[in-house]
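Below is one structure, written out as structure tokens, with a few remarks after it.
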Amino acid sequence: MSTSVASMEFEPTDACTRFTHVEHGIFFDQFWADGQGREQGTRGLLDALGNYLG
């Protein structure tokens, strides 16, 4: 069991768009191994965003 709060910032630059992703996770003691699933979930969201923008 875990939870996280994420922020995603898109900032225009002269050459492109700068993307900054910050995520803070909280993991309950006996569920610390949930971190890999949380990473996979975030990766899936970013992949979906990339596909949409592509």
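One-based numbering along the sequence shown.
By the 6.0 Å contact criterion, CZ on F10 is enclosed, its count of non-hydrogen atoms from other residues, nucleotides or ligands being greater than 12.
When only modelled atom types and interatomic distance are considered, E11 and T20 share no side-chain donor-acceptor pair under 3.5 Å.
Minimum interatomic distance between G25 and S4 (heavy atoms only, all atoms of both residues): CA-CB, 4.0 Å.
With contacts defined as side-chain heavy-atom distances shorter than 4.5 Å, the pair V22/H24 qualifies.
Note that OG of S7 and NE2 of H21 are 7.0 Å apart. Values are rounded to the nearest 0.5 Å. The CZ atom of F19 sits 5.0 Å away from atom CE of M8, with the distance rounded to the nearest 0.5 Å.
A side chain to side chain contact (heavy atoms under 4.5 Å, CB included) with L49 holds for exactly one of L53, D47, L45; it is L53.
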